[in-house]
Amino acid sequence: MSFKAVRGFKDILPGEVPRWIHAENTARRIFRAFGFQEIRPPILEYVEVFTRGIGQHTDIVEKEMYVFTDKNGENVCLRPEATGGVLRAVIENGLANESPILRLFTLGPMFRHERPQKGRLRQFHQMNAEVIGSHSPHADAEVIWLAWEILRACSSAELILDINSLGCPACRPPYRRALQDFLEKNAGDLCQDCARRRLTNPLRVLDCKNEACKAIVASAPHMDTYLCPACAGHHEKVREALDSIGIPSRDNPSLVRGLDYYVRTAFEISSPVLGSQSTVAAGGRYDGLLKAMEGPDLPGVGMAVGLERLLLLGGGANVSALSAGPDLFVAYLDDESLDTVLPWIIEWRRRGISVLLPYETVGLKAFMKQADRTHARFVLIIGEEERARREGILRDMATRGQSPIPFDSAVATITTILEETT
RNA sequence: GUGGGCGUGGCGCAACGGUUAGCGCGUCGGGUUGUGGCCCCGAAGGCUGUGGGUUCGAAUCCCAUCGCUCACCCCA
């Protein structure tokens with residue numbers, strides 16, 4: 001085998017596409033139901049679009065971005081997440097001037113140069129929602145609600161929602177300092193990674209899986225005791241809102257997000273059936289981000305659902321309608337018969353009836369096998385005998401019943417039959 | 001970047017170091033000349049990931065390399 005797909009990049013084969021389409025359609029329907037509009041930013045952006053927000057010392061920026069120099073010497077990258085591009089588009093096009101609150105969603109591929117494993121690819125797909133312009137905790141709740149609704153509609157797997165408040169520029173720094181002081185006292189017992197993180201990104205130590213670190217973290221100061229009154233109140237309101245919607249949530253003080261721009265609300269929906277990469281959706285509030293990107297000083301909340309992981313959950317609705325075969329398979333036994341049916345096929349196809357037309361004649365038996373394999377609902381048989389009688393044979397593959405179809409009325413008759421059975 | 005597991009026809013697998021590397025699924029053809037899904041028969045399809053080595057003899061043992069995969073890390 002000479003050519004292979006690039007590591008971490010996967011083909012989505014015809015057999016799995018119906019599941020993707022189903023998930024995408026479901027999501028689009030739900031986004032609409034929540035009053036969100038679709039936006040489609042490009043996949044390639046200037047590096048700064050992401051480095052501003054995600055944070056210079058996060059793994060994503062440090063080592064996971066597909067960065068390269070364009071022919072004109074500009075630094076561009078394949079987007080590692082959606083929010084940066086959406087916000088850039090909002091700012092560049094002045095969308096915030098058109099409406100005080102923007103509710104946007106987007107679907108598409110993201111790229112991160114990580115080591116592939118189950119539920120983690122280098123090109124993966126997300127469905128994202130962003131609410132721009134609202135400080136209200138109800139906006140946070142709605143974004144979480146949206147993620148929950150999409151997940152629930154696509155899978156019946158067990159889901160767990162964790163939420164936390166990361167504080168704001170007023171109350172996080174004091175906490176960060178307190179945590180850092182605490183970690184310094186225990187530095188000797190931390191794992192190697194955490195010893196490093198202690199200085200660069202102390203919050204991350206909180207969700208380290210190392211047992212020794214867990215033991216230390218257990219007695220570490222908690223963010224919730226440092227939250228300023230405004231943040232504490234906000235967090236409480238988000239929880240209340242989720243309660244009244246009926247979404248069960250779990251307060252998780254060690255929940256941290258990988259992107260620097262989050263303030264206050266951070267959340268994560270995971271499922272135990274996924275294995276190591278168990279997070280299927282996540283998001284949070286990013287109030288300072290628009291301004292940091294030299295846009296208007298507007299607050300925002302967003303979330304992302306991982307498509308591959310969502311599909312890994314399985315247990316969704318049936319997708320039979322999408323994976324069904326053609327309405328009609330045309331078995332023509334000689335060239336003259338093809339001449340007869342071609343005009344009819346033109347008409348059917350224009351009407352949206354799916355007609356599978358073989359490229360060459362084989363025996364009728366072989367045609368029947370082909371028709372069976374493609375799961376065609378009906379087969380139209382036309383050969384010398386039919387032409388002599390001026391009537392074709394329409395066979396219903398499910399019932400095995402056949403009936404003659406006079407040539408004169410063939411188009412209309414078959415159209416009616418096919419449209420009725422759709 | 002670090003570890004573990006695995007690389008055999010399109011897919012899933014088998015073959016105690018010993019003849020032409022098998023089986024299932026799939027594909028194609030046939031089972032009376034124009035009718036599918038079951039059954040039966042037959043056919044096509046493999047330099048056993050690659051490169052070295054050990055041996056009279058390697059899919060099988062050793063080394064290297066590449067790839068896949070799971071986990072760490074990180075995250076959707």
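Numbered from 1 within each chain, the chains take letters A, B, ... in sequence-line order. These numbers come from the heavy atoms of this one structure, side chains and all, not from hydrogens, waters or symmetry mates. Please read all numbers here as calculations on a predicted model, not as lab measurements.
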Counting distance alone, no hydrogens or angles: does the base of B/rC73 have a donor or acceptor under 3.5 Å from a partner atom on the side chain of A/R120?
yes
P-based separation of B/rU27 from B/rG37 [nearest Å]
11 Å
With both distances under 3.5 Å as the test, what is the Watson-Crick or G-U wobble partner of B/rU35?
none
Can you tell me how the ring of A/F34 sits relative to the ring of A/W145, calling it parallel under 30°, perpendicular over 60° and tilted otherwise?
perpendicular
Would you say a side-chain N or O of A/K365 is under 4.0 Å from OP1 or OP2 of B/rG36?
yes
B/rC72, OP1 or OP2 - any side-chain N/O from A/S276 closer than 4.0 Å?
yes
Residue-phosphate contact under 4.0 Å: A/R373 side-chain N/O, B/rC25 OP1/OP2:
no
Nearest-Å distance, NZ (A/K4) to C1' (B/rG49)?
8 Å
Go nucleotide by nucleotide along RNA chain B from the 5' end; which of A/I381 and A/A282 gets its closest nucleotide reached first?
A/I381
Is there a donor-acceptor contact under 3.5 Å linking the side chains of A/D224 and A/H235?
no
Quote, to the nearest angstrom, the P distance that separates B/rC6 from B/rA43.
36 Å
Pairing partner of B/rA43 (Watson-Crick or G-U wobble, both distances under 3.5 Å)
B/rU27
Suppose we define a pair by two distances each less than 3.5 Å, Watson-Crick or G-U wobble; what does B/rA58 pair with here?
none
Take atom CD of A/E24 and atom C1' of B/rA76, then tell me their distance rounded to the nearest Å.
15 Å
Which of parallel (below 30°), tilted (30 to 60°) and perpendicular (above 60°) describes A/Y261 and A/Y286?
perpendicular
Which of these nucleotides, B/rG36, B/rG34, B/rA76, is closest to any side-chain atom of A/R395?
B/rG36
Between A/E16 and A/W20, is any side-chain donor less than 3.5 angstrom from a side-chain acceptor?
no
Kindly say if A/Q277 contacts the phosphate of B/rA76, meaning a side-chain N or O under 4.0 Å from OP1 or OP2.
no
If the threshold is 4.0 Å, N to carboxylate O, is there a salt bridge linking A/R52 and A/E48?
no
Taking only the side-chain nitrogens and oxygens of A/R7, find out if one of them lies under 4.0 Å from OP1 or OP2 of B/rG67.
no
Taking the same atom, P, in B/rG46 and in B/rG22, what whole-Å distance lies between them?
14 Å
Among the nucleotides B/rG36, B/rG34, B/rC72, which one has an atom lying closest to any side-chain atom of A/M397?
B/rG36
Classify A/G363 by what it touches in the nucleic acid, base, sugar-phosphate, or nothing, heavy-atom distance under 4.0 Å.
nothing
Closest-nucleotide 5' rank along RNA chain B - winner of A/E386 and A/I269:
A/E386
Provide the Watson-Crick or G-U wobble partner of B/rG1, both distances under 3.5 Å; none if there is no partner.
B/rC72
Return the nearest nucleotide to the side chain of A/T279; candidates are B/rG34, B/rC70, B/rC75.
B/rC75
Determine the Euclidean distance between corresponding P atoms of B/rG30 and B/rU35; express it in Å to zero decimal places.
11 Å
In whole angstrom, what separates A/D11's CG from B/rG10's C1'?
14 Å
For A/R389, is the CZ atom crowded, meaning more than 12 foreign heavy atoms sit under 6.0 Å from it?
yes
Suppose you measure atom C1' in B/rG18 against the same atom in B/rG31; what distance do you get, rounded to whole Å?
41 Å
May I ask you to say what A/L312 touches in the nucleic acid, namely base, sugar-phosphate or nothing, with a heavy-atom cut-off under 4.0 Å?
nothing
Considering only heavy atoms and no angle criterion, is a donor-acceptor pair shorter than 3.5 Å present between the side chain of A/E81 and the base of B/rC75?
no
Work out how far the C1' atom of B/rC23 is from that of B/rA15, and round it to whole angstrom.
10 Å
Taking atom C1' of B/rG36 as reference, at what distance in whole Å does atom CZ of A/R377 sit?
17 Å
For the side chain of A/E114 and the base of B/rG1, is some donor closer than 3.5 Å to an acceptor across the two?
no
Taking atom CZ as the centre, does A/F9 end up with more than 12 heavy-atom neighbours from other residues, nucleotides or ligands that are less than 6.0 angstrom away?
yes
Options B/rG34, B/rG37, B/rU35, nucleotide nearest the side-chain atoms of A/Q402:
B/rU35
Using the P atom on both, measure B/rC66 against B/rA59 and round to a whole Å.
23 Å
Do the side chain of A/R400 and the base of B/rG37 come within less than 3.5 angstrom through a donor-acceptor pair of N or O atoms?
yes
A/K10 side chain N/O closer than 4.0 Å to the phosphate oxygens (OP1, OP2) of B/rU69?
yes
Need the pair for B/rG22. Rule: Watson-Crick or G-U wobble, both distances under 3.5 Å, any strand; none if unpaired.
B/rC13
Inter-nucleotide C1' distance (B/rG49, B/rU69), Å rounded
15 Å
Taking 4.0 angstrom as the limit, do A/R387 and A/D334 come out as a salt bridge?
yes
Protein-nucleotide distance (A/E268, atom CD; B/rC75, atom P), rounded to Å:
10 Å
Rounded to whole angstrom units, what separation is found between the CG atom of A/L159 and the P atom of B/rA76?
17 Å
Any side-chain donor-acceptor pair under 3.5 Å between A/T83 and A/E130?
yes
What is the distance from CE of A/M368 to C1' of B/rU35, rounded to the nearest Å?
5 Å
Among B/rA76, B/rU2, B/rU35, which nucleotide sits nearest the side chain of A/R115?
B/rU2
So what does A/A281 touch, heavy atoms closer than 4.0 Å: a base, only the sugar-phosphate, or nothing?
sugar-phosphate
Counting only Watson-Crick or G-U wobble pairs whose two distances fall under 3.5 Å, which nucleotide matches B/rC6?
B/rG67
Please report, rounded to the nearest Å, how far the P atom of B/rC75 is from the CZ atom of A/R122.
17 Å
